[in-house]
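First comes the structure, then the notes that go with it.
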Amino acid sequence: MLHGVVLAGGQSRRMGQDKAMMQYKGNTLIQCASKILRSAGCQEILVSRNEDGYVGDKIPHVGPLGGVHGVLTFLGENKKSANAELLVLPVDMPLMLPTFLSAMVNYGRAKKRACYVRSRFMPFYMPIEKNTIPTIEDYLIEKNKRRVVGFLKSINALAYENLYDDNTKNSQWLNVNSPSDWPKEYGSI
């Protein structure tokens, strides 16, 4: 089963407010990311966020990989990790195209490997293997590392090259981290 993961646990320091709850076209950014993932083929959407009603981090203060680890742990505890895959999208990419994500998932499935976008680390696709949780725990705890791309390289993830084909647009890479990143057409923040 393909699980969509919305990473929405950041502190939004640069934005000055909780960007996960900001509105775009009548939806919060969490809802936007969830819709994108569902349109990309995810059967279940899990939101990583340290609040009630969401999947929380099990290892605190380790950034986005803490959210991924929290979701992996949640799936394992609920016996949903067998034959499972993750498609991970940060909450602050509201223009990401589902067609691009689907193509990346298909690429990863065809190669039977995790994959990420070259020169970026998000979004990424990752099939869950028996050793995925111990591997991410070793990376975060024993090696004390935090970089998503470093973790993906450590599991031999492939760099997906197909960035700007006919089905993609440069605008999908918009990442809203500060008020100056928030396009005027989104409305006021």
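For reference, positions follow the sequence shown, starting with 1.
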Student check: side-chain heavy atoms of L46 and L75 closer than 4.5 Å: yes
query: Looking only at heavy atoms, which two atoms of G66 and V62 are closest? And how far apart?
result: CA-CG2, 3.3 Å
message: Test side chain to side chain contact (heavy atoms under 4.5 Å, CB included) on R49 and I30; report intermediate values, then the result.
response: CA-CA 10 Å; R49 185 172 171 84; I30 287 176; 3.9 Å; yes
task: Using the ring pair (Phe, Tyr, Trp, His ring centres under 6.0 Å) rule, take F74 and Y54 through it: C-alpha gap first, then chi angles, then the decisive distance, then the call.
output: CA-CA 11 Å; F74 173 83; Y54 300 102; over 10 Å; no
task: Mind checking the CD1-CG spacing from I128 to N83? Nearest 0.5 Å is all I need.
output: 10.0 Å
- request: Determine, step by step, whether Q23 and T28 satisfy the side chain to side chain contact (heavy atoms under 4.5 Å, CB included) criterion, reporting the C-alpha distance in whole Å, the side-chain angles of both residues, the deciding distance to 0.1 Å, and the verdict.
  value: CA-CA 4 Å; Q23 296 281 316; T28 66; 3.5 Å; yes
Backbone N/O of D57 and side chain of N50: donor-acceptor pair under 3.5 Å: yes
message: Can a donor-acceptor pair be found, under 3.5 Å and without considering hydrogens, that links the side chain of S102 to the backbone of T99?
response: no
statement: One should read off an interatomic distance between H69 NE2 and I136 CD1, to the nearest 0.5 angstrom, of 6.5 Å
query: Are any of the side-chain heavy atoms of R147 and L152 separated by less than 4.5 Å?
result: no
message: Going by side chain to side chain donor-acceptor pair (under 3.5 Å), E85 matches just one of R109, H3, Q43. Which one?
response: R109
- prompt: Is N78 atom CG crowded by more than 12 heavy atoms from other residues, nucleotides or ligands, each under 6.0 Å away?
  reply: yes
query: With a 4.5 Å limit on heavy-atom distance, are the side chains of V6 and L37 in contact?
result: yes
message: Determine whether a donor-acceptor pair (N or O, by modelled atom type, separation under 3.5 Å) exists between the side chain of R146 and the backbone of G63.
response: no
Closest heavy-atom pair and its distance - S81, G76: OG-CA, 3.9 Å
task: Compare every heavy atom of S48 with every heavy atom of G67, then report the nearest pair and how far apart it is.
output: CA-OG, 3.0 Å
query: Would you say N144 and Y139 make side-chain contact, with heavy atoms under 4.5 Å?
result: no
field: Step-by-step side chain to side chain contact (heavy atoms under 4.5 Å, CB included) determination, I59 to L65
entry: CA-CA 9 Å; I59 304 172; L65 286 176; over 6 Å; no
- prompt: Does the side chain of L101 reach to within under 4.5 Å of the side chain of I36, using non-hydrogen atoms?
  reply: yes
Nearest-0.5 Å distance, CZ of residue R38 to CG of residue L87: 12.0 Å
statement: Taken to the nearest 0.5 Å, the spacing of E137 CD from K58 NZ works out to 11.5 Å
- prompt: Does the ring center of F121 lie less than 6.0 Å from the ring center of Y116?
  reply: no
query: Same cluster for V71 and I141 if Ile/Leu/Val/Met/Phe/Trp/Tyr side chains link at under 4.5 Å?
result: yes
query: Measuring from S34:OG to I45:CD1, what's the distance to the nearest 0.5 Å?
result: 5.5 Å
field: Trace of the side chain to side chain contact (heavy atoms under 4.5 Å, CB included) decision for L7 with V5
entry: CA-CA 6 Å; L7 295 178; V5 178; 4.0 Å; yes
- request: Would you mind reporting whether L89 and M122 have side-chain heavy atoms less than 4.5 Å apart?
  value: no
Shortest non-hydrogen contact from V148 toward P64: CG2-CB, 3.9 Å
Distance (rounded to the nearest 0.5 Å) between I133 CD1 and L72 CG: 5.5 Å
Distance flag, aromatic centroids of Y160 and F100, threshold under 6.0 Å: yes
message: I want to check something: taking the side chain as every heavy atom from C-beta on, are Y107 and R113 in contact at a cut-off of under 4.5 Å?
response: no
task: Spell out, as yes or no, whether a donor-acceptor pair under 3.5 Å connects the side chain of D138 to the backbone of P134.
output: no
- prompt: Taking the side chain as C-beta and beyond, is there a heavy-atom pair between K25 and C32 under 4.5 Å?
  reply: no
